[in-house]
Amino acid sequence: MAKGFTKRKENYSEWYNEIVNRADLAEHSSVRGCMVIKPYGFAIWEKMQSILDKMFKKTGHTNAYFPLFVPKSLFEAEEKNAEGFAKECAVVTHYRLMNDPEKKGKLMVDPKAKLEEELVVRPTSEAVIWNTYKNWIQSYRDLPILVNQWANVVRWEMRTRLFLRTAEFLWQEGHTAHETKEEALEETKTILDLYAEFAEKFMAMPVIKGVKTESERFAGAEDTLCIESLMQDGKALQAGTSHFLGQNFSKAFEVKYANREGKQEYPWASSWGVSTRLMGALIMTHSDDNGLVLPPELAPFQVVLVPIYKGEEQREIVVNKLKNIKNALENEGISVKLDDRDTHKPGWKFAEYEFKGVPVRLAMGMRDVENESIEIVRRDTLEKKSYDMHDLAGKVKNLLKNIQENLYQKAIDFREEKTHFVDSYEEFKSILDNEGGFIYAHWDGTSETEDAIKKETKATIRCIPIDEDTKEGECIYSGKHSARRVIFARAY
RNA sequence: CGGGGUGUAGCGUAGCCCGGUUAUCGCGCCACGUUUGGGACGUGGAGGCCGCAGGUUCGAAUCCUGCCACCCCGACCA
């Protein structure tokens with residue numbers, strides 16, 4: 001049991017904050033709204049990055065890098081996009097500091113160093129990128145362009161929470177240009193599927209693929225697709241988005257290409273991204289009242305080895321044994337940390353790695369040395385067993401696979417339990433207040449109704465799910481005709 | 001940005017109303033010794049511009065003003 005650790009039921013957001021802090025994932029920096037991602041937390045992000053990066057490459061994408069600053073004139077070119085982000089932009093107005101003549105040792109902004117044109121710190125990169133694509137695209141032969149960048153962006157949020165919403169965050173943003181509308185749409189869907197696969201296979205987090213309503217759509221997009229996941233407190237979290245941008249940006253930046261008949265046309269675009277917010281999603285999907293729980297596919301190390309001994313002589317015997325085991329496991333592709341520090345007792349280490357969510361712990365003492373055995377504990381169930389040493393690596397490998405599957409299944413079961421089909425507004429409100437979760441309900445398709453429901457209940461339409469129930473019905477709010485059920489929830 | 005709250009050692013805190021010795025306690029940290037199968041114990045030690053800047057006063061963690069940061073509730077949001 002983790003000492004002095006808030007339980008989920010007592011105070012969910014406190015529980016979340018404590019996990020982030022105590023598991024060494026991240027901390028608040030001295031910069032307003034910005035976080036420091038600590039090595040253990042960053043290691044998880046790096047794993048996400050490396051897996052996603054491989055997936056992008058495999059689907060034909062390449063990486064590039066575009067500038068952090070966007071001249072205001074470029075930023076405002078696509079009107080809707082600019083409007084949508086205007087309220088949360090950091091802006092650079094000067095390029096030099098000087099010594100403050102009134103206060104010794106202090107600096108001030110040099111009033112003579114005012115920029116002729118302000119620079120917007122990118123909240124997203126469509127503007128710079130499409131301004132660049134203008135030079136890259138002349139002919140259909142230059143298409144498609146399938147580029148991704150790993151970058152930081154800044155959105156000046158009023159209220160921030162580590163990983164879930166920070167003023168600066170890390171993400172990847174893909175920006176593609178295509179000859180036809182169909183190709184761009186296809187790309188948008190390909191990436192959505194890729195994100196869903198990543199979430200389910202690697203994060204062990206089930207997601208629902210859907211389309212955003214007009215009011216939830218990305219500023220400047222024709223259509224926004226998303227993957228939505230459900231957190232343990234019954235709130236929804238958008239885990240990734242993929243936008244079909246139509247010709248909005250190519251027109252705004254006057255990007256044209258000669259088609260196969262030699263006629264000038266505007267290319268079709270998509271953009272898509274996932275961010276360090278996935279870290280928050282990962283935490284809130286699996287972790288429990290004993291701390292962080294990590295799926296083996298994303299754990300910085302999958303197995304921790306803890307020696308138990310009395311005296312230097314025993315220590316040497318046990319640690320040597322564990323070093324051999326470490327090699328054997330690593331040869332099977334398992335990532336292992338051997339904690340042979342003499343400065344902490346085994347019990348302390350058990351508690352520590354449990355809190356940090358390490359999937360499997362192996363502990364060995366003299367008793368095990370004599371019996372040719374080893375103690376094994378899995379983090380997801382905290383089940384403790386003794387293994388004999390025969391084919392240990394094979395057993396651990398199976399166990400890791402089993403943990404990964406178990407976490408996914410548990411998350412699916414939870415989501416199913418928290419998914420409701422509702423036909424009256426009264427029931428809708430009562431479920432929101434008492435249970436939370438995804439609510440499938442009929443909606444008349446108007447923004448007015450959507451807004452009214454949001455105002456009254458704080459619930460939003462998370463998405464219009466793809467490939468699901470498309471039976472008609474009556475809107476729970478207005479009673480008007482509804483083409484199909486959509487998913488409502490309170491959200492992060 | 002509006003309403004409410006909080007800033008004291010790395011973390012959690014006492015003291016603040018009612019100004020006055022060397023700023024309290026726990027965890028953590030350092031040294032030594034005993035320990036080591038679920039967060040060890042003893043002894044000794046280090047660590048503070050009491051959020052920042054002004055002001056009142058013989059004297060400020062304490063009173064006043066301004067600013068900053070963080071937390072909760074709204075508006076906004078990946």
Side-chain angles (χ1 to χ4, degrees), chain A residues 1-5 11 13-14 17-18 21-22 27-35 84-89 103 106 123-124 152-173 195 212 215-219 224 226-229 236-243 271-281 290-291 306-315 318-319 340-355 361-371 373-377 382 384 386 454-455 458 460 462 491-492:
Chain A
M1 281 290 140
K3 268 193 216 159
F5 177 49
N11 186 340
S13 55
E14 191 61 33
N17 290 339
E18 280 179 25
N21 264 310
R22 290 174 53 171
E27 60 190 35
H28 287 284
S29 68
S30 44
V31 188
R32 177 197 205 126
C34 297
M35 64 179 160
F85 284 104
K87 284 164 293 176
E88 43 188 335
C89 286
K103 292 177 199 152
K106 300 283 179 193
T124 180
N152 58 339
V153 285
V154 169
R155 296 181 187 174
W156 212 261
E157 300 292 346
M158 289 304 164
R159 293 184 57 196
T160 59
R161 296 198 59 195
L162 293 176
F163 291 122
L164 296 172
R165 178 164 305 113
T166 45
E168 179 194 21
F169 58 90
L170 305 182
W171 76 347
Q172 59 68 217
E173 46 180 328
Y195 284 159
K212 286 289 184 191
S215 61
E216 298 277 328
R217 193 178 290 158
F218 175 74
T224 288
C226 62
I227 50 171
E228 290 287 327
S229 52
L237 186 138
Q238 178 177 307
T241 50
S242 182
H243 315 290
S271 73
W272 28 272
V274 295
S275 72
T276 36
R277 188 178 224 206
L278 288 180
M279 295 287 293
N290 297 306
V306 178
I308 298 158
Y309 52 84
K310 288 177 190 160
E312 197 49 44
E313 204 178 306
Q314 289 189 7
R315 179 171 188 235
V318 175
V319 169
D340 59 355
R341 288 179 297 173
D342 194 34
T343 49
H344 295 278
K345 289 181 51 165
W348 188 93
K349 293 178 186 173
F350 294 171
E352 173 79 0
Y353 294 113
E354 205 162 281
F355 200 88
R361 180 180 80 229
L362 293 170
M364 179 178 263
M366 289 309 286
R367 228 154 56 204
D368 293 302
V369 173
E370 281 158 28
N371 300 336
S373 67
I374 195 159
E375 182 190 272
I376 185 156
V377 178
L382 295 177
K384 190 184 284 187
S386 185
K454 185 178 176 182
K455 275 215 180 88
K458 290 180 198 158
T460 50
R462 299 319 302 155
Y492 276 97

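A, B, ... follow the sequence lines: proteins, then strands. Residue 1 opens every chain.
If you take atom C1' in B/rG42 and the same atom in B/rG5, they sit 43 Å apart, rounded to whole Å. Comparing B/rU43 with B/rC49, their P atoms sit 29 Å apart, to the nearest whole Å.
Across all strands shown, A/Q314 has no heavy atoms under 4.0 Å from either base or sugar-phosphate atoms. Note on A/L164: a base of the nucleic acid sits closer than 4.0 angstrom, heavy atoms only. Within 4.0 Å of A/D368, counting heavy atoms only, lies at least one base atom of the nucleic acid. Residue A/T166 is classed as a base contact, given a heavy-atom separation below 4.0 Å to a base. Contacts of A/K212 with the nucleic acid, taken as non-hydrogen atoms under 4.0 Å apart, are absent. Looking at heavy-atom distances under 4.0 Å, A/R22 makes contact with a base. Residue A/R341 is classed as having no contact, given no heavy-atom separation below 4.0 Å to the nucleic acid. Using a 4.0 Å heavy-atom distance criterion, A/E157 is classed as a base contact.
Proximity of a side-chain donor or acceptor of A/Q314 to a complementary backbone N or O of A/K310 within less than 3.5 Å is detected. Between the side chain of A/R315 and the backbone N or O of A/D340 there is at least one donor-acceptor pair closer than 3.5 Å. For A/K384 (side chain) and A/I376 (main-chain N/O), no donor-acceptor pair under 3.5 Å exists by modelled atom type. A side-chain donor-acceptor contact under 3.5 Å links A/Y195 to the backbone of A/G273. Within the 3.5 Å criterion, the main-chain N or O of A/V274 finds a donor-acceptor partner in the side chain of A/Q172.
For B/rU36, neither phosphate oxygen OP1 nor OP2 lies less than 4.0 angstrom from any side-chain nitrogen or oxygen of A/K349. The phosphate of B/rA75 (OP1 or OP2) has no side-chain N or O of A/K455 nearer than 4.0 angstrom. At the phosphate of B/rA40, neither OP1 nor OP2 sits under 4.0 Å from any side-chain N or O atom of A/H344.
Side-chain atoms of A/R155 and A/F169, non-hydrogen and from C-beta on, do get closer than 4.5 Å to each other.
Atom pair A/R315:CZ and B/rG37:P shows a separation of 15 Å (rounding to whole Å applied).
B/rA78 has its base stacked against the ring of A/F169, the centroids being under 5.5 angstrom apart at an interplanar angle below 30°.
By the neighbour-count criterion of 12 heavy atoms within 6.0 Å, atom CH2 of A/W171 is densely surrounded, having more than that number from other residues, nucleotides or ligands.
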Legend entry - Pair pattern of RNA chain B in dot-bracket, where unpaired bases get dots and | marks partners in another strand, Watson-Crick or G-U under 3.5 angstrom: (((((((..(((.......[....))).((((((.....)))))).....(((((..]....))))))))))))....

